[in-house]
Each structure stands twice: as C-alpha cells, then as structure tokens.
Amino acid sequence: MTNSTKAPAYDDVEVGTELPAGTFQVTRDTLVRYAGASGDFNPIHWNERFAKAVGLPDVIAHGMFTMAEAIRVVTDWTGDPAAVVEYGVRFTRPVVVPDDDKGATIEVTAKVAVKLDDHLVRVDLTAASAGQKVLGMSRAVVRLG
C-alpha cells in the first residue's frame, strides 16, 4: 500500500470517516525475516514441529509484526508515521501461517471513532485473519494537519 493522496486535514475528517482498507500477506519467509530484524527467534514463529508441540495449530506470526501491519493502514492514510502519537492493541487470536506459497492474510479496516482537541483523532482498527479477529481494542491517536 502506498499513500497517493494528500494527508487528511483535521477539519475535513468526521467521526465515522473510513480509512482505505489494507490486506497484507504473511508467509514463513516474512516471519523469518521479521525474526532476524527484531531479534525474536522464538521457535513458535518458524518451527512447525515446536509450535504444534506447545499446543498451537501451526507456526504463528509475531504479535508485534501483526500490530505493525495493522497500523500501516493509518500511516498510509496520513502519509506520515510520526502522525501516530499513541497506539495500542490487545492480542486476541494468533495469525496462523501455513507452510505454503500463500501463507496467511491479515485484513485491516479502520475508521475515525472520536475527534479530540488539538487536531487529534482516535482511529479504531479491526484486524482479522482467516475470518477471525486477531487484534482487540486496536486504537491509534493520530495528529492531523
């Protein structure tokens, strides 16, 4: 995803404004690369045998990776990652990543939930994979121009 439009202005945004949705593919290769970049080499994120031995259905995506993919919808909308002044989620379900060419898909939608003072808005996000919500209470506070 890329932002090809001008950043939204606070005065032009209303409660209920929907951000462009995002769809993100996650493969085992993606997870190995993320593990290397983050330093999180927990085997539940790359070793199917280990993941299943600890009760998971398969290898799962890193929670922080899932969180980062979701906020891309907001940063693409604003055109500026620094516009996000606060962001938090609850991890509700893992993103299960099968060992095939397709991997898993994370689908993210978002909308402006509250207009705050000082050109701030709260954006509520919904992230799902395989038809199940994977992040709960996913909210970002964003400063608009």
Side-chain angles (χ1 to χ4, degrees), residues 1-47 51 54-145:
M1 281 179 50
T2 59
N3 184 2
S4 60
T5 62
K6 184 179 167 194
Y10 178 83
D11 291 336
D12 295 337
V13 172
E14 299 297 331
V15 170
T17 297
E18 293 185 11
L19 283 61
T23 301
F24 308 99
Q25 290 302 121
V26 186
T27 64
R28 296 279 179 94
D29 179 66
T30 309
L31 299 181
V32 169
R33 291 172 186 268
Y34 181 82
S38 68
D40 181 352
F41 292 101
N42 187 326
I44 64 172
H45 303 303
W46 56 270
N47 184 314
V54 298
L56 294 169
D58 208 330
V59 165
I60 63 170
H62 303 73
M64 297 304 287
F65 173 83
T66 303
M67 188 177 176
E69 289 293 83
I71 198 66
R72 286 176 56 190
V73 167
V74 176
T75 59
D76 285 351
W77 178 62
T78 64
D80 179 9
V84 177
V85 297
E86 185 179 314
Y87 179 45
V89 306
R90 288 192 182 154
F91 301 106
T92 56
R93 285 191 168 76
V95 174
V96 178
V97 182
D99 188 15
D100 60 21
D101 293 334
K102 293 181 181 181
T105 302
I106 302 170
E107 297 170 332
V108 182
T109 59
K111 67 179 177 179
V112 174
V114 180
K115 286 186 81 168
L116 305 163
D117 293 332
D118 198 25
H119 286 236
L120 296 172
V121 297
R122 190 186 87 211
V123 175
D124 290 355
L125 298 93
T126 301
S129 183
Q132 297 198 341
K133 194 172 175 181
V134 295
L135 298 177
M137 300 293 291
S138 184
R139 296 177 174 169
V141 176
V142 182
R143 184 175 313 281
L144 301 177

### Message
Ignoring hydrogens and geometry beyond distance, is a side-chain donor-acceptor pair present between Q25 and T105 at under 3.5 Å?
### Response
yes
Might you point out which heavy atoms bring [X] and [Y] nearest each other, and give the distance in Å?
{"X": "A61", "Y": "L31", "value": "CA-CD2, 3.6 Å"}
{"X": "A140", "Y": "L125", "value": "N-CD1, 4.2 Å"}
{"X": "V26", "Y": "V97", "value": "O-CG1, 3.5 Å"}
{"X": "W46", "Y": "R28", "value": "O-NH1, 4.5 Å"}

Whether the side chain of [X] engages the backbone of [Y] through a donor-acceptor N/O pair (distance < 3.5 Å, no angle test) should be reported.
{"X": "S138", "Y": "V89", "result": "no"}
{"X": "Y87", "Y": "M67", "result": "yes"}
{"X": "H45", "Y": "I60", "result": "yes"}
{"X": "K115", "Y": "V13", "result": "yes"}
{"X": "D40", "Y": "N42", "result": "yes"}

Between [Y] and [X], is there a side-chain heavy-atom distance shorter than 4.5 Å?
{"X": "T75", "Y": "D80", "value": "no"}
{"X": "V73", "Y": "F24", "value": "yes"}
{"X": "L120", "Y": "Y10", "value": "no"}
{"X": "V134", "Y": "T66", "value": "yes"}

